[in-house]
2 protein chains.
Amino acid sequence: MAERAQYEELVRQLSAFGAVKREMARIMPADCHSGSAAVLTVLGRHGDMRMSRLAELLSVDLSVTSRHVAHVAERGWIERSPDPADKRSRILHLTPAGQEQLDELVRRTTHLLADRLGDWSDEEVGRLTQLMARLRDSFGDCRAAPRPAPPPAPPALERTTRTPAST
Amino acid sequence: MAERAQYEELVRQLSAFGAVKREMARIMPADCHSGSAAVLTVLGRHGDMRMSRLAELLSVDLSVTSRHVAHVAERGWIERSPDPADKRSRILHLTPAGQEQLDELVRRTTHLLADRLGDWSDEEVGRLTQLMARLRDSFGDCRAAPRPAPPPAPPALERTTRTPAST
DNA sequence: TATTGTTATACTCTATAACTATA
DNA sequence: TATAGTTATAGAGTATAACAATA
């Protein structure tokens with residue numbers, strides 16, 4: 001368990017972090033902004049999936065996912081096939097053009113990082129990546145309605161699969 | 001110098017990071033969103049300063065800063081005094097009410113982190129904070145037009161600097 | 001003429017709610 | 001009735017450009 005002051009400092013870094021993300025956004029292709037990039041990245045990494053699964057991995061609402069998916073589908077980067085097992089669902093998968101676009105994104109972002117983090121050691125980059133992954137994991141599925149806090153139910157934190165029993 | 005694959009993985013973590021920030025945003029007071037919180041935090045940490053300096057520390061455009069500052073000023077959390085040395089400038093400083101608000105923000109965010117990172121060691125929190133600070137530092141002042149990318153520069157991907165060449 | 005701020009406008013991302021189709 | 005997905009609407013953050021006041 002860390003101390004108060006440490007949390008404060010971490011929060012400060014988290015806030016200031018938007019700048020780095022915006023810098024990333026600036027090098028994106030004109031019609032492939034961060035929302036589209038996120039869709040392509042997740043599909044490239046995890047393979048075909050349904051909308052709801054994608055929304056979960058992106059940690060955004062299904063409605064948001066729907067918009068981003070529509071955007072990339074319009075450009076031919078993904079295809080939405082009907083799910084034979086559930087006619088309400090659609091299976092998303094990357095097209096060759098989508099893979100090319102994804103490659104381009106990787107090219108640009110790695111180029112930017114190589115430029116900026118040229119003096120970082122292999123170990124440092126790895127450690128940061130690892131800690132960020134863990135942070136994200138510690139926050140779990142943090143999409144909206146994490147605290148419905150209804151008067152009747154015990155406000156504990158039942159959805160937090162996060163070892164809350166630290167008391 | 002790290003490897004390609006590592007950069008890709010880091011990018012992935014950076015993208016997925018929005019979720020954590022949104023979770024933070026959800027616990028903010030209704031009239032003190034992330035923009036306001038950032039203003040208060042920076043003023044609390046660095047003391048009185050001018051708009052331009054604040055914009056620099058926030059890594060956002062001056063126009064954005066102006067809006068956020070107006071918001072917090074309307075609520076009495078900061079005061080804008082004229083700068084005797086330069087009548088164009090305004091010196092910003094936290095009011096007691098602003099300090100209280102800031103304390104409240106710290107209370108909420110540290111509480112959230114304590115809940116989520118309860119099983120993190122002191123060392124891990126410190127290391128993550130340190131690495132994030134360094135990352136931010138490596139990106140420098142990454143506000144718009146950080147790469148004026150004059151013609152002589154590497155033609156790689158100057159991200160289509162708005163094609164200003166249309167004099 | 002250059003700089004400090006402010007304001008108007010536009011764009012992206014996200015969430016909530018209403019709605020359709022299917023389970 | 002509940003779930004998967006779409007669409008409309010609204011709110012927040014940011015950038016660009018035009019403008020005012022001062023250096």
Side-chain angles (χ1 to χ4, degrees), chain A residues 15-26 28-39 49-56 58-71 73-74 80-92 142-148, chain B residues 15-26 28-39 49-56 58-71 73-74 80-92 142-146 159 161-164 166:
Chain A
S15 304
F17 221 57
V20 172
K21 291 203 70 178
R22 288 196 291 281
E23 180 81 341
M24 285 288 190
R26 285 193 196 96
M28 293 299 200
D31 59 346
C32 187
H33 295 146
S34 69
S36 302
V39 169
M49 65 183 72
R50 313 194 311 176
M51 293 288 305
S52 50
R53 168 70 174 149
L54 178 58
E56 187 186 321
L58 293 175
S59 293
V60 295
D61 191 84
L62 188 54
S63 66
V64 176
T65 306
S66 183
R67 282 179 52 109
H68 290 162
V69 162
H71 183 88
E74 282 166 15
R80 292 181 278 192
S81 344
D83 180 350
D86 185 340
K87 289 176 185 170
R88 295 172 302 179
S89 284
R90 303 230 246 173
I91 303 298
L92 313 172
C142 42
R143 286 182 291 177
R147 263 156 195 56
Chain B
S15 303
F17 221 58
V20 172
K21 291 203 70 177
R22 287 196 291 282
E23 180 81 342
M24 285 287 189
R26 285 196 195 93
M28 293 299 197
D31 60 346
C32 186
H33 296 148
S34 68
S36 302
V39 169
M49 66 183 73
R50 314 194 308 175
M51 293 288 303
S52 51
R53 169 69 175 149
L54 178 59
E56 188 186 319
L58 292 175
S59 293
V60 295
D61 191 83
L62 188 55
S63 66
V64 175
T65 307
S66 183
R67 282 179 52 111
H68 290 162
V69 162
H71 182 88
E74 281 166 16
R80 291 180 280 193
S81 342
D83 181 349
D86 184 340
K87 290 177 184 168
R88 294 171 304 179
S89 284
R90 302 229 244 174
I91 303 297
L92 313 172
C142 42
R143 285 180 293 176
R159 71 105 178 142
T161 323
R162 214 51 53 201
T163 40
S166 57

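Convention: sequence-line order gives letters A, B, ...; per-chain numbering from 1.
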At less than 4.0 Å, is any side-chain N or O atom of A:R80 found next to OP1 or OP2 of D:dA4? Yes or no.
no
Does B:S63 or A:I91 map to a spot on DNA chain D nearer the 5' end, using the closest nucleotide for each?
A:I91
In which ranges does DNA chain D form stems of 3 or more consecutive Watson-Crick or G-U pairs, distances under 3.5 Å?
C:1-23 with D:1-23
When you measure from the side chain of A:H71 to the backbone N and O of A:D31, does any donor-acceptor pair fall under 3.5 Å?
yes
Protein-nucleotide distance (B:H71, atom NE2; C:dT7, atom P), rounded to Å:
15 Å
Should we say atom CZ of B:R67 is surrounded by more than 12 heavy atoms from elsewhere, each under 6.0 Å from it?
no
Rounded to the nearest angstrom, tell me the gap between atom CZ in A:R90 and atom C1' in C:dT22.
14 Å
Within a strict 4.5 Å, meaning less than it, do heavy atoms of the B:M28 and B:S36 side chains meet?
no
Any N or O donor-acceptor pair under 3.5 Å from the base of C:dT3 to the side chain of B:S52?
no
How many angstroms lie between atom OG of B:S52 and atom CZ of B:R90, to the nearest 0.5 angstrom?
13.0 Å
For nucleotides 11-14 of chain C, give me every protein contact, N/O to N/O, under 3.5 Å, one pair per line with atom names.
| from | atom 1 | to | atom 2 | distance (Å) |
| --- | --- | --- | --- | --- |
| C:dC13 | OP1 | A:S34 | N | 3.2 |
| C:dC13 | OP1 | A:S34 | OG | 3.2 |
| C:dC13 | OP1 | A:G35 | N | 2.9 |
| C:dT14 | OP1 | B:R22 | NH1 | 3.3 |

By salt bridge (charged side-chain N to carboxylate O under 4.0 Å, His left out) - contacts of B:R88 (at least two apart):
B:D86
If the cut-off is 4.0 Å, is A:S89 near the phosphate of D:dG5, judged by side-chain N/O to OP1 or OP2?
yes
Atom pairs under 3.5 Å, N or O on each side, protein against nucleotides 20-23 of chain D: can you list them with distances?
| from | atom 1 | to | atom 2 | distance (Å) |
| --- | --- | --- | --- | --- |
| D:dA23 | OP1 | B:K87 | N | 3.1 |

When every non-hydrogen atom of A:S59 is compared with those of B:R22, the smallest separation belongs to O-NH2, 2.9 Å
So do B:K87 and B:P82 actually touch side chain to side chain, heavy atoms under 4.5 Å?
no
How long is the gap from CG on A:L92 to CG on A:D83, to the nearest 0.5 Å?
10.5 Å
Does a side-chain N or O from B:R50 land closer than 4.0 Å to OP1 or OP2 of C:dT4, or not?
yes
What is the distance, rounded to the nearest whole Å, between atom CE of B:M51 and atom C1' of C:dT7?
12 Å
By side-chain hydrogen bond (donor to acceptor under 3.5 Å, both in side chains), A:S89 pairs with (sequence neighbours left out) A:R50
Working to the nearest 0.5 Å, report the span between OG of A:S34 and CZ of A:R26.
12.5 Å
Separation of C:dT7 atom P from B:L62 atom CG, nearest Å, is 12 Å
Taken in chain and number order and not counting sequence neighbours, the residues that satisfy salt bridge (charged side-chain N to carboxylate O under 4.0 Å, His left out) with A:R53 are A:E56
Quickly work out the B:K21 NZ to D:dA12 C1' distance and round it to whole Å.
12 Å
